[in-house]
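Predicted model, so just to flag it, every value in this text is computed and none were measured. Residue numbering restarts at 1 for every chain, and letters A, B, ... go by the order of the sequence lines.
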There are 2 protein chains.
Amino acid sequence: MTVPSGRRERKKAATRQKIADTALRLFLDRGYDAVGLRDVAAEADVAVTTIFAHFAAKEALVFEQDDTFEHRLTRAVTDRPPHEPLIPALRRELHAMVRHCTADGAAPTWRMIDQSPALRDYEESMKRRHAQALATAIAADLGLPSATTACRTIARFVIDAHSLARQAADPEAAVDEIFEMIEAAWAATGLSRSDLGRAAAGQR
Amino acid sequence: MTVPSGRRERKKAATRQKIADTALRLFLDRGYDAVGLRDVAAEADVAVTTIFAHFAAKEALVFEQDDTFEHRLTRAVTDRPPHEPLIPALRRELHAMVRHCTADGAAPTWRMIDQSPALRDYEESMKRRHAQALATAIAADLGLPSATTACRTIARFVIDAHSLARQAADPEAAVDEIFEMIEAAWAATGLSRSDLGRAAAGQR
DNA sequence: ACCGTAGCACTAACCGTTAGGGTTTTGAAA
DNA sequence: TTTCAAAACCCTAACGGTTAGTGCTACGGT
């Protein structure tokens, strides 16, 4: 039961990376639907079953850093400067994330995602998990024992902001526009007073 | 190119209904995942391909009245009494829809949906379509040429309300709680002034 | 040096879905 | 009535994602 350390871990990570890289290359090259998992396996020189040992589904090959997304959101809540209100912290993080999605390097990948219904669906199902994690983090931040309806609602709105902004003509401006709405929704819950007055004072 | 009238239509509708009924019965009986489409086809005495002539996917067998949902939302916007503000009209409709979901007859079906990831995912992908339709309807109601970010955002929030409320302990109360937030978000857009003052005066 | 196990391969299948092509039923025109 | 085109349906076969079963190999701890 000791932590497997050294070569084994590295080899496993290398295999995973090789699969992900090969898959993404083939997908961008020939199109997501035109590439089968048997193609990916052959090109990466692994067995099809090995792919499923590393990734839960074909779509997961594209969203390799799924966890990163989730962690960034929850940490934007938990690791924010003391006394910083909740919503502005999330707004800052969303700005960064949207900017990252529309960066030159990632743009072709996201274009591919937008063109494939299967990938869009998978992205949304990921985001539902993220919303749940975020709701829990928000509840914890407020000292609540579990996520209330208001927490879950705000979490969902924040996740929505990402989807909506990504598809907008001017993503950065969209983040701001949507967060004005979220800020108002948050203020309407009464939970915002937990932010010790700073939030209420800061938000006009 | 004449309108197909009479027996043909009835027979087709009957086949569709027999498939849907059989499928739902088997699903509730043995579990959604434990029943294959080949089972459904055999039990309904049709070919597997016939199922796909009536339903786009296996999951669609469960969400038979998909369109109804969408039409109810858009008509809540377009067919509401003159001068009634937008958000309260949507709130009323959501109340009715949530009540319908939690009614005794439909309860086992929704329990099944909640237990199957495939069905939950499908429900969400449906709802994204509904959100888009609702956004368009809202934009039209405001006299806008196309759905802006604010329209899309409000539409999405309203759809979220349905998902969130359905899973809450007290769905009806959750609708009210979430709509307080939506009302505030809507007021923050400035679009609400299109409601000729009635909305602004009535809320709060 | 030895053993448990993690990582991976291989085969064979299951299941949802679609294509291809054929047969019957229906509605309406000739 | 006869005729015809389209609609509805059936059957077969396949494709692609996904999983179970089985076993081999190389790594890491003892």
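Among the heavy atoms of the strands lying under 4.0 Å from Val35(A) are primed sugar atoms or P, OP1, OP2 only; no base atom is included. As judged by a 4.0 angstrom heavy-atom cut-off over every strand, Ala53(B) is placed among residues making no nucleic acid contact. Using a 4.0 Å heavy-atom distance criterion, Asp45(B) is classed as a sugar-phosphate-only contact.
Distance, His54(B) NE2 to dT18(C) P: 15 Å, rounded to whole Å. As rounded to whole Å, 4 Å separates atom P of dG16(C) from atom NZ of Lys58(B). The CZ atom of Phe55(B) sits 15 Å away from the P atom of dT18(C) (whole-angstrom rounding). Atom CD of Glu9(B) is separated from atom C1' of dT25(C) by 15 Å (rounded to the nearest Å). Straight-line distance from the CG atom of Leu37(B) to the C1' atom of dT17(C): 9 Å, rounded to whole Å. In this structure, Arg10(A) places its CZ atom 17 Å from P of dA26(D), rounding to the nearest Å. Between Ile51(B) atom CD1 and dT18(C) atom P the separation is 13 Å, expressed in whole Å. Atom NZ in Lys12(A) sits about 13 Å away from atom P in dG28(D), given to the nearest Å.
Considering only side-chain N and O atoms, Lys11(A) lies under 4.0 angstrom from the phosphate OP1 or OP2 of dC27(D). One finds no side-chain N or O of Arg8(B) lying less than 4.0 angstrom from the OP1 or OP2 phosphate oxygen of dT25(C).
Among Thr22(A), Leu28(A), Leu61(A), Leu26(A), the one residue that satisfies the side chain to side chain contact (heavy atoms under 4.5 Å, CB included) test with Val35(A) is Leu26(A).
Less than 4.0 Å separates DNA chain D from at least one heavy atom of each of the following residues of residues 13-32 of chain B: Thr15(B).
Checking side-chain atoms of Lys58(A) against main-chain N and O of Tyr32(A) turns up a donor-acceptor pair under 3.5 Å. In this structure a side-chain-to-backbone donor-acceptor pair under 3.5 Å is missing from Arg166(B) to Ser163(B). Checked by atom type and distance alone, the side chain of Arg30(A) never pairs as donor or acceptor with a backbone atom of Phe27(A) at under 3.5 Å. Formation of a donor-acceptor pair under 3.5 Å by the Thr153(B) side chain with backbone atoms of Thr149(B) is found in this model. Side chain of Thr136(B) to main chain of Gln132(B): a donor-acceptor pair is present (N/O by atom type, distance under 3.5 Å, no hydrogens or angles). The closest donor-acceptor contact from the side chain of Arg152(A) to the backbone of Ala135(A) lies at 3.5 Å or more, if one exists at all.
Checked against side-chain hydrogen bond (donor to acceptor under 3.5 Å, both in side chains), Arg120(B) has no partners two or more places apart in sequence or in another chain.
The minimum heavy-atom distance between Ala131(A) and Ala155(A), with the atom names listed, is O-CB, 3.3 Å. Val98(A) and Ala165(A) get closest at one heavy-atom pair: CG2-CB, 4.2 Å.
Sequence order on DNA chain D of the closest nucleotides to Thr50(B) and Arg38(A) puts Thr50(B) first from the 5' end.
Scanning atom types as modelled, no donor and acceptor separated by under 3.5 angstrom connect the side chain of Arg7(B) and the base of dG27(C).
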Letter per nucleotide, 5' to 3', of nucleotides 19-25 of chain D [B base touched, S only sugar-phosphate touched, - untouched; heavy atoms, 4.0 Å]: BB-----
